[in-house]
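First the structure, in the form of structure tokens, and then the observations on it.
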Amino acid sequence: MIAIDGPAASGKSSTARAVAERLGFAHLDSGALYRGVTLVAIRHAVPGPLDPARVLREAETRGLQLQFDGRSYAVYLGGASADEAIRSPEVTARVSAVSAVPEIREWVTERLRRLARAGQSLVVDGRDIGTVVFPEAVLKIFLTASPRTRAGRRITQRGQAVDQALLDREAVDLAARDQADSARAVAPLRQAPDAIPLDGTDLSFEDQVARISALARERLGLD
Ligand code: DC
């Protein structure tokens with residue numbers, strides 16, 4: 001088990017996926033499941049204040065699931081891939097608030113642990129993987145990058161041209177989400193005491209993946 005935590009758009013998921021591929025592990029993006037629950041809340045829950053029990057009931061009955069595609073776990077809802085829907089601006093705007101609710105965190109954490117008990121070796125990315133969900137992980141990385149770098153990556157990922165105004169706006173949105181994720185009472189975004197910090201601002205993607213993979217091989221005794 002390898003845990004990669006860090007703030008929004010630090011490159012956790014793409015890095016975790018590539019590290020998993022190098023090691024022959026499966027990749028599990030825990031944020032995707034929080035996004036799936038948020039999608040259920042938007043699509044199927046009653047309007048008004050969030051009712052976590054209702055949202056989780058809807059998630060169960062409508063078949064919100066993580067399904068393995070041979071490399072990564074992907075979010076499915078009602079038998080169809082929800083991969084695109086969970087990345088929508090509406091979901092992104094609400095996911096921090098939904099993921100701050102203790103009952104929802106408990107539900108997601110239990111699902112993640114259940115998957116891990118199935119026995120596959122995993123690279124898991126998120127905010128509280130090394131601190132709360134899998135404190136026994138053999139390697140914990142806390143991945144960061146400067147706000148500008150992260151904002152630029154997010155814009156490019158969306159296929160937009162990077163300009164100053166957009167960079168500023170995106171950096172403000174990311175900072176707000178990081179603040180919400182770090183300030184919540186339950187399982188806030190925090191570096192585990194035994195995590196290795198890695199600042200990817202000046203690293204190429206390949207270097208980042210190579211460094212983490214090398215650390216993992218060392219810890220796992222694969223060299
Ligand atoms: O990694 P992401 O941006 O897809 O995550 C979406 C949200 O889910 C993020 O704002 C915080 C929350 N999250 C969390 O609280 N704990 C995790 N382990 C993963 C994500």
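Whatever order the structure lists them in is the order used to number ligands and atoms, beginning at 1. As the structure is a computational prediction, the values presented were derived from the model and not from experiment.
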The answer for which part of Arg94 has a heavy atom under 4.0 Å from ligand 1 is neither
Quick one: does ligand 1 sit under 4.0 Å from the side chain of Asp128, the backbone, both or neither, non-hydrogen atoms only? both
How far is atom 1 (O) of ligand 1 from its nearest protein heavy atom, and which residue and atom is that? Arg127 NH1, 3.0 Å
Answer yes if Ile4 and Leu220 sit in the same cluster of Ile, Leu, Val, Met, Phe, Trp and Tyr residues linked by side chain heavy atoms under 4.5 Å apart, and no otherwise. yes
May I ask you to say whether Arg150 pairs ionically with Asp178, meaning some side-chain N is under 4.0 Å from a carboxylate O? yes
Could you list the atoms of ligand 1 found under 4.0 angstrom from a heavy atom of Asp181? 9 (C), 10 (O), 11 (C)
Same apolar cluster (I L V M F W Y, side chains within < 4.5 Å links), Leu39/Val95: yes
Of all the non-hydrogen atoms in the protein, which one sits nearest to atom 6 (C) of ligand 1, and at what distance? Arg177 NH1, 3.7 Å
Look at atom 19 (C) of ligand 1 and say which protein heavy atom is nearest, naming residue and atom and giving the distance to 0.1 Å. Ser30 OG, 3.3 Å
Nearest non-hydrogen protein atom, atom 12 (C) of ligand 1: Ser99 OG, 3.4 Å
Close approach, Ser96 and ligand 1, non-hydrogen under 4.0 angstrom: yes
Before signing off on this row, confirm whether Arg184 and ligand 1 have an N or O atom pair separated by under 3.5 Å. yes
Test salt bridge (Lys or Arg N to Asp or Glu O under 4.0 Å) on Glu218 and Arg211; report intermediate values, then the result. CA-CA 11 Å; Glu218 203 180 294; Arg211 279 200 201 190; over 6 Å; no
For Asp199 and Thr201, which I'm curious about, is there any donor-acceptor pair between the side chains at under 3.5 Å? yes
Side-chain ion pair, Arg127 and Asp5, N-O less than 4.0 Å: no
Would you please say whether a donor-acceptor pair under 3.5 Å links the side chains of Gln65 and Tyr73? no
Atom 16 (N) of ligand 1 - nearest protein heavy atom and its distance: Arg105 NH2, 3.0 Å
Considering only non-hydrogen protein atoms, determine which one is nearest to atom 4 (O) of ligand 1 and report residue, atom name and distance to 0.1 Å. Arg35 NE, 2.7 Å
Got a salt bridge between Glu90 and Arg94, using NZ or NE/NH1/NH2 to carboxylate O under 4.0 Å? no
